[in-house]
Amino acid sequence: MLFAPVALGLGSVLWFACGADISPAVPLSCAVVLLLLLAVTDRGREWSRICLVSMMLIAVGILAAQFETWRAGTVVLDSAVTTTLTGRVERRESDGRGGWRYLLALKATENPALKRPPEQVTVIARGQKAEFETGTWLKGRARLTPPSGPALPGLNDFSFGAYFDGVGGNGFFYGAPAVVPAVEPGPASMQDRALEWLYRLRSGIGDRIRGILPGDTGAFAAALVTDERRAISSETTEALRQSGLAHIIAISGLNMALSAGIFFVGFRTVLSLFPAVVQAYPVKKIAAAGALAAVTAYFLISGFAVSAERAFIMMAIMLAAVFFDRPSISLRNVALSALVIIVLSPSEIMGPSFQMSFAATLALVAGYALWKERPVRDRPFAKFRVVRMLSSAAAFFGGILLTSVIGGFSTALFSVEHFHRLTAYGLPANLAAMPIISFIIMPFGLIAMLLMPFGLDAWAWQVTGFGLDLVIAIARTVASWGGDIGVGRLASWYFPAAVTGFLLLTLLRSRMRHLGTAILMASTTAAAMFGGPPPPKIVIAEDGSMAGIVSDNGLATNRERPPGFIFDQWRRALVLDEHLPPAFPALPDIPTAPRGERLKLTEAQQNETMDAIKASATGERFSCVKKAWCTAKLDNGSILTVIENAAFLGPACDISDIVVTPVRLRLDTCRSGALLFTGETLRKTGAVELRFPNGIAEITTSFEGLERPWTRHRAYDWRSGTFGESETLSDSGG
């Protein structure tokens, strides 16, 4: 039973990791054959039956992943475009910088009209007139881009998550959009109307909380209730991450357990005040039913994140176990919740939220099971009241300490894999914050939510805000200690090996679990000794607008202010904190063209440009001419040039060994034989890394093929309307 979700999840992982789609007939045939073999296998041959069931679950996992991929069927925008869009607000969320992020059901595009319009897009609107309610129809000029791929090969592919979330593009409005009459009626089905009502209620609750508590305090409180985290400032979010307290803002097992526990104990205590009720009715089961209703309401307004889904399923199973007088905390409950999520949403298994959430829960429940099996010792001084009080206090803080240690170690593996970082001071931060969360934030937050329908919740939110201010202060203090440890990328074999060891350690009940300990320790030791892949010398963003040179001094880029979304991922993956911005030396005037005309260089201008590029390439730091080029010379003598204007392509190719441009050109090679990376080629390969092991460029791309549904949009040619070779010269227009 405990390994059933492991086999099911393995099948889903195999499907998502494949380089191409496979026919569903293959896993379906395998599942049917294995089921027939299982039916004729003697029940006494236990290991044979276990192997057959495991292989059948793997096949079922593949089928579940295929079904979810087919069910999603998201149309993803193929390239960046500026268009006038009309859509209906499905959801909204404050972004904390005076703007709102809207999920729009896209109904029409104009000037240009998209040939493959996505069904849903996320668009940011800023300004005082940018706040619109769910269900409002908006029209405005917007810049849309496809969901981004990995910032570097092997990193998180955001287009994967966007595909399964049903989001085909994201962007921003130029100015505030206009409210227009409804293009079509609202949701027709009862389910869609119920979801719209829930999202509207969720937004209203978030607005109410942020109206009472200003700034990060209100945003933090709203995140604990509705999971709207974007309103929290980047400084506070980073402090929570560096201090190891970021798990608080996720609707996870901690939030669900505290809310359910507080409601269960409080409701049961109130009922116990009436002896007639206690004697006539099962008070414990009534309290469990009330707690289950409260947790269900919490889940419905939390936004349905995977961590909340997992926590809700587990809490529902635990509370339902009270009805049947069964133990509530067990590994079987964890396995059941994992099975439900993998069957319903197999893609979640690929993300850090699912992995870290289940890792922490699995480790804590397994640790609790071992703790219950410990021998109980006599306590001769337990009859003294002072001793009992001290023992209770020690048990409370000891529980926090043990929980923090187990939770921290169990999620460290996944933090390294996905975020390339470790938190050194998470233990003291959690020891300081958990009593505040347990005794101030969650109890008064629950009281505030119960009083909100009557408009009497302001005082309770003020007390909750006081506790949240303390937690933010703890996070900032601990973050100032500098405990954020960059680990970088490890060897590709490490993560599967370490996860195998972790699962054996936590799921096995016999001494065989120590095999998992040995695998985990051996793989971690080997990874620490031998390190990860050699760092690249050159990194190139997937749109060609930014390139970086990796050296002992830091990461040199061609941008004075590199985009934080990409640059932060580069810095963490490459373990480089120092940014080396480009220099702008004084050079002769660069030729320009009249506005609206294409620049064409004469032979003399080309020679002058070649001389200027050559003179600029003096070291492993970019020298730039604004709106023209940036160039640098590597330690192996190769010259790297990034050009913004295609008119400079010829001179750049003649003088450089590697040329990068965001312009989408028909060319895929330089006339001189130099390596050429254009907006068109990078669209198909994604971000690129270059290494020079023997003086010859070794290229690593993010995508080796574009055959999966979440990458296929990169091969779409809007001119021909086919998924073939694109021959666009510039912005495709969708």
Side-chain angles (χ1 to χ4, degrees), residues 93-97 156 206 209-210 213-258 302-303 305-308 311 351-353 355-357 359-360 400 403-405 407-412 414-416 418-442 445 464-487 564-565 568-569 571-572 577:
E93 184 175 350
S94 173
D95 70 351
R97 295 187 296 274
N156 183 42
I209 296 171
R210 288 189 293 268
L213 300 174
D216 279 344
T217 307
F220 199 166
L224 290 176
V225 177
T226 65
D227 204 30
E228 297 178 349
R229 313 178 200 176
R230 296 178 186 274
I232 304 176
S233 68
S234 57
E235 294 80 8
T236 299
T237 301
E238 188 62 22
L240 290 168
R241 286 174 180 167
Q242 293 186 15
S243 61
L245 296 176
H247 64 90
I248 298 173
I249 59 177
I251 307 296
S252 60
L254 171 66
N255 310 57
M256 287 283 183
L258 286 174
S302 66
V306 64
S307 58
S353 179
Q355 295 173 11
M356 298 181 76
S357 178
I400 295 177
T403 299
S404 300
V405 170
F409 276 108
S410 61
T411 56
F414 304 92
S415 179
V416 169
H418 294 286
F419 307 114
H420 316 294
R421 67 200 303 180
L422 285 173
T423 302
Y425 301 117
L427 182 58
N430 278 276
L431 283 174
M434 287 309 299
I436 300 172
I437 296 169
S438 301
F439 293 112
I440 298 178
I441 295 173
M442 292 305 297
T464 305
F466 169 74
L468 290 172
D469 287 337
L470 293 178
V471 171
I472 292 174
I474 292 170
R476 290 176 176 170
T477 300
V478 174
S480 67
W481 298 348
D484 191 29
I485 303 173
V487 179
F565 179 73
D568 288 345
Q569 295 180 73
R571 190 167 54 184
R572 288 199 303 266
D577 291 328

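- Considering all non-hydrogen atoms of both residues, Ser415 and Arg421 come closest at OG-O, 2.8 Å.
- Partners of Asp568 under the salt bridge (Lys or Arg N to Asp or Glu O under 4.0 Å) rule, at least two apart in sequence or in another chain, are Arg571.
- You'll find the side chain of Met356 stays beyond 4.5 Å of the side chain of His418, heavy atoms only.
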Name every donor-acceptor pair, under 3.5 Å, that has one atom in a side chain of residues 469-479 and the other anywhere in the protein, sequence neighbours excluded.
{"from": "Asp469", "atom 1": "OD1", "to": "Thr217", "atom 2": "OG1", "distance (Å)": "2.5"}
{"from": "Arg476", "atom 1": "NH2", "to": "Thr236", "atom 2": "OG1", "distance (Å)": "2.9"}
{"from": "Thr477", "atom 1": "OG1", "to": "Ala473", "atom 2": "O", "distance (Å)": "2.8"}

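- Between the side chain of Thr464 and the backbone N or O of Gly445 there is at least one donor-acceptor pair closer than 3.5 Å.
- Contact check for His247 versus Asn430: side-chain heavy atoms found under the 4.5 Å cut-off.
- What you find for Leu213 and Ala221 is that their closest heavy atoms are CD1-CB, 4.0 Å.
- Of the possible donor and acceptor atoms, one in the side chain of Glu93 sits under 3.5 Å from a partner among the backbone N and O of Arg229.
- For the pair Thr226 (side chain) and Ala222 (backbone), a donor-acceptor distance under 3.5 Å is present.
- Residue pairs meeting the salt bridge (Lys or Arg N to Asp or Glu O under 4.0 Å) criterion with at least one partner in residues 424-438, sequence neighbours excluded, do not occur; the list is empty.
- Annotation: side chain of Glu235 is not in contact with side chain of Glu238 (no heavy-atom distance under 4.5 Å).
- For the pair His420 and Arg572, the tightest heavy-atom approach, listed with the atom from each and the gap, is CB-O, 3.6 Å.
- Between the side chain of Ser243 and the backbone N or O of Leu240, at least one donor-acceptor pair lies under 3.5 Å.
- Taking every heavy atom of both residues into account, Gly482 and Tyr425 meet most closely at C-CE1, 4.2 Å.
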